[in-house]
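Convention: sequence-line order gives letters A, B, ...; per-chain numbering from 1. Side-chain atoms are counted along with the backbone in the values below, which use heavy atoms only and exclude waters and symmetry mates.
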There are 2 protein chains.
Amino acid sequence: MNNVKYSIGQLAKESGCKVETVHYYEKIGLMPEPPRTEGGHRVFALSHVKRLNFIRRSRELGFKIEQIKDLLKFIDEPNHYCGEVRAMAMLQARAVQEKIDDLQRLQLALNEMVIKCKGSNNSIDDCPIVDALFTKKATGQQ
Amino acid sequence: MNNVKYSIGQLAKESGCKVETVHYYEKIGLMPEPPRTEGGHRVFALSHVKRLNFIRRSRELGFKIEQIKDLLKFIDEPNHYCGEVRAMAMLQARAVQEKIDDLQRLQLALNEMVIKCKGSNNSIDDCPIVDALFTKKATGQQ
DNA sequence: CCTTGAACCTATAGTTACTACAGGTTCTAT
DNA sequence: ATAGAACCTGTAGTAACTATAGGTTCAAGG
């Protein structure tokens, strides 16, 4: 009884992305090809809205498209278990922590540079930041 | 008296990047066109090594190519002051902090999901992670 | 019913910062 | 002299979209 229909514009707004992004997701097979009107316009159902929300939310959480494909496979196909999804989430959490660590090292380096530099109008030749940038490695690479 | 010469391979190794990356930097104007041998091979000097190190280090610190162009402009042109560089470094530090904050919120969400999910082999239909992913917004976007 | 303009359609190119390849030339060491 | 490593140019590919062009369809107002 819930057969509300959505145009692509409504769908996009509903999930906070652009129409072109929906096209893109369809092209790469993340979103299914929906039915069309006589004239060729796409017509979406609530299930599409949910699926797109899932995708967008997963992207926000830093999952890559390929990972999301895997997650959706879990959901689309029967015979999958919660444990598999949990494992992916844990992997993702670990990757995120590594990114955070990297950035914090980076932040430290930047702040040190800024503190050492009195700024104002001494010449560029005496700038400790420029100096630091000419020096090799100190942070983990990105 | 220090006129050591470097091949592009040596230059790349010296700065920890690939030969193709040097070509690329030359093409986009980050690195100057160096002199060549009779046969057309590039010949670099120590100044090139230093400049490339500067670029690579800045990239490690998260500066975008366009920002590095600005930094190099400060260095290449006279009449610039340390203060300008300092300001850019501070801006960069702020941007990095924002990224860190985002990722930490993300981390929180992921960990919550993992904790709520007992994993094991309950069906995907009861998975709290899948559930959470179907729900809208909770983290800042990336 | 007709018109207007918003929303839609497809297909292609652009974005960022590289990386990878193809097909050919030069350099270096034996 | 020759083998093979390193170099050359130019083009295409990567991720995840975004933007544009040029045309069609839809919904609302007159």
inquiry  = Among residues at least two apart in sequence or on other chains, which ones pass side-chain hydrogen bond (donor to acceptor under 3.5 Å, both in side chains) with A:Tyr6?
reply    =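 Partners of A:Tyr6 under the side-chain hydrogen bond (donor to acceptor under 3.5 Å, both in side chains) test: none.
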key: Residues that A:Tyr24 engages under side-chain hydrogen bond (donor to acceptor under 3.5 Å, both in side chains), provided they are two or more places apart   =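 With sequence neighbours excluded, A:Tyr24 shows a side-chain hydrogen bond (donor to acceptor under 3.5 Å, both in side chains) to no residue whatsoever.
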Quick one: list whatever passes salt bridge (charged side-chain N to carboxylate O under 4.0 Å, His left out) with [X], sequence neighbours left out.
X: A:Lys64; result: none
X: B:Asp101; result: none
X: B:Glu33; result: none
X: A:Arg42; result: A:Glu26

query = Which nucleotides of nucleotides 14-19 of chain C have their base under 4.0 Å from a protein heavy atom (B), which only their sugar-phosphate (S), and which neither (-), written as one string 5' to 3'?
reply = ---BBB
task = For the helix from C:dC1-D:dG30 to C:dT30-D:dA1, figure out the bend between the end axes, five pairs an end, and round to 10 degrees.
result =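 Overall, the helix from C:dC1-D:dG30 to C:dT30-D:dA1 bends by 10° from one end axis to the other.
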ask   = Can you list the residues that meet the ring pair (Phe, Tyr, Trp, His ring centres under 6.0 Å) rule with A:His41, with sequence neighbours excluded?
value =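 Testing A:His41 for ring pair (Phe, Tyr, Trp, His ring centres under 6.0 Å), a comparison that skips the adjacent residues, returns none.
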Under 3.5 Å donor-acceptor, [X] side chain and [Y] backbone:
X: B:Arg59; Y: B:Ile68; answer: no
X: B:Gln107; Y: A:Val96; answer: no
X: A:Ser58; Y: A:Phe54; answer: yes

query = For residues 28-37 of chain B, which residues have at least one heavy atom under 4.0 Å from DNA chain D?
reply = B:Arg36
key: Partners passing side-chain contact (heavy atoms from CB on, under 4.5 Å) against A:Ser7 (at least two apart in sequence or in another chain)   = A:Gln10
request  = Ignoring backbone atoms, establish whether A:Ser7 has a side-chain N or O less than 4.0 Å from OP1 or OP2 of C:dC8.
outcome  = yes
ask   = Is there a side-chain polar atom (N or O) of A:Arg42 under 4.0 Å from OP1 or OP2 of C:dC8?
value =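 A:Arg42 to C:dC8 OP1/OP2: no side-chain N or O under 4.0 Å.
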message = Please report the distance, rounded to the nearest Å, between CG in A:Leu11 and P in C:dA7.
response = 15 Å
ask   = Which nucleotide of DNA chain D is the first, and which the last, in the 5' to 3' direction, to come under 4.0 Å of a heavy atom belonging to chain A?
value =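 That gives a stretch of D:dA16 to D:dC26.
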ask   = Do NZ/NE/NH1/NH2 and the carboxylate oxygens of A:Asp76 and A:Lys69 come within less than 4.0 Å?
value =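 So A:Asp76 does not pair with A:Lys69 through a salt bridge.
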ask   = Closest heavy-atom contact between B:Arg56 and B:Ser15?
value =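 Closest approach of B:Arg56 to B:Ser15, heavy atoms only: CG-O, 3.8 Å.
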